[in-house]
Amino acid sequence: GENVEQHPSTLSVQEGDSAVIKCTYSDSASNYFPWYKQELGKGPQLIIDIRSNVGEKKDQRIAVTLNKTAKHFSLHITETQPEDSAVYFCAASDGYGNKLVFGAGTILRVKS
Amino acid sequence: ETGVTQTPRHLVMGMTNKKSLKCEQHLGHNAMYWYKQSAKKPLELMFVYNFKEQTENNSVPSRFSPECPNSSHLFLHLHTLQPEDSALYLCASSQGRELDEQYFGPGTRLTVT
């Protein structure tokens, strides 16, 4: 079955710097890759997603890149702000497109 | 607010108790999910309902019993739980046509004593 690895587990950056979180997956048939942000006391919220027919997608300060050959995808946050501090999860669809398999999460701390 | 509500938000129960978690979505979605979130572990999918039919049971112990009476409501019935079942239980919903954005509720923090 699908396996998703996420790194780093914690990341501290200075306000204004960029943050990069990386994930790898195992099932070459996976075709949907969302990223979720979870703030304290809340459920995960989708912030950006990418499908396998696209290599890069950007939404203001957030971008995701996908390398299907290497089976990895990354989240890039530029000009980080304190409110970006949260836990970020990557996920990949299983090969059948029935469910999502999540990474273990990255705790992002933005220091002001 | 994501349009997905969960009650209760916190629950403490003994190993011999029976309790139920409730999830309701106001988004007109057709698929609903239960996930278990434990510290420092990935979200674990437990159950999936699509158009009220259970389409996924991810090898979940029988002490967890889901119920989906209609496409807007999802329950998780709990009985004779173990301390290792303590976790945050998250409900989510999606359109259900294909794998797409899942909207999560705030979760129920369950502690089994």
Side-chain angles (χ1 to χ4, degrees), chain A residues 1-11 21-27 29-54 57 59 62 64 86-107, chain B residues 1-10 21 23-25 27 29-51 53-60 74 87-109:
Chain A
E2 176 68 277
N3 183 50
V4 177
E5 299 282 340
Q6 183 171 347
H7 300 280
S9 56
T10 59
L11 178 60
I21 302 171
K22 299 182 179 181
C23 288
T24 60
Y25 61 98
S26 59
D27 191 339
S30 295
N31 59 6
Y32 176 59
F33 307 91
W35 285 90
Y36 285 83
K37 174 184 181 183
Q38 186 174 22
E39 298 175 315
L40 200 62
K42 297 183 179 180
Q45 182 177 3
L46 181 77
I47 54 173
I48 195 167
D49 58 10
I50 191 168
R51 297 187 186 270
S52 61
N53 57 343
V54 177
K57 185 175 177 181
D59 182 4
I62 294 173
V64 57
V87 182
Y88 290 81
F89 294 94
C90 64
S93 59
D94 70 347
Y96 301 99
N98 292 331
K99 61 182 182 181
L100 293 176
V101 178
F102 284 81
T106 296
I107 300 172
Chain B
E1 293 296 329
T2 63
V4 181
T5 58
Q6 290 186 244
T7 54
R9 293 294 308 276
H10 301 271
L21 309 185
C23 176
E24 184 174 0
Q25 58 96 0
L27 302 167
H29 288 166
N30 296 303
M32 297 188 77
Y33 311 77
W34 279 117
Y35 286 90
K36 177 183 179 182
Q37 186 175 33
S38 304
K40 299 183 180 179
K41 290 178 68 176
L43 272 73
E44 300 172 55
L45 179 66
M46 300 175 71
F47 301 104
V48 181
Y49 278 82
N50 215 327
F51 291 89
E53 297 294 322
Q54 188 179 129
T55 58
E56 185 82 22
N57 178 336
N58 211 25
S59 303
V60 180
L74 185 65
L88 182 69
Y89 288 85
L90 290 162
C91 172
S93 71
S94 71
Q95 289 283 0
R97 291 189 301 266
E98 60 177 39
L99 201 56
D100 55 10
E101 179 174 0
Q102 294 182 17
Y103 292 77
F104 284 84
T108 294
R109 174 67 62 187

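Using a 4.5 Å cut-off between heavy atoms, A:Pro44 touches chain B through backbone and side chain atoms alike. Contact of B:Tyr103 with chain A is not made at all, since no heavy-atom distance falls under 4.5 Å. Contact of B:Leu43 with chain A is made through backbone and side chain together, with heavy-atom distances under 4.5 Å.
Not counting sequence neighbours, the partners of A:Gln6 by the side chain to side chain donor-acceptor pair (under 3.5 Å) test are A:Thr106. Shown here are the side chain to side chain donor-acceptor pair (under 3.5 Å) partners of A:Gln45, two or more places apart in sequence or in another chain: there are none.
Side-chain N or O atoms of B:Gln6 include one that pairs as donor or acceptor with a backbone N or O of B:Gly107 at under 3.5 Å.
Here the rule is side-chain contact (heavy atoms from CB on, under 4.5 Å) with B:Val4, and of B:Gln25, B:His29, B:Met32 only B:Gln25 fits it.
Options B:Arg109, B:Gln102, B:Arg9 differ in how many heavy-atom pairs under 4.5 Å they form with chain A, and the most are formed by B:Gln102.
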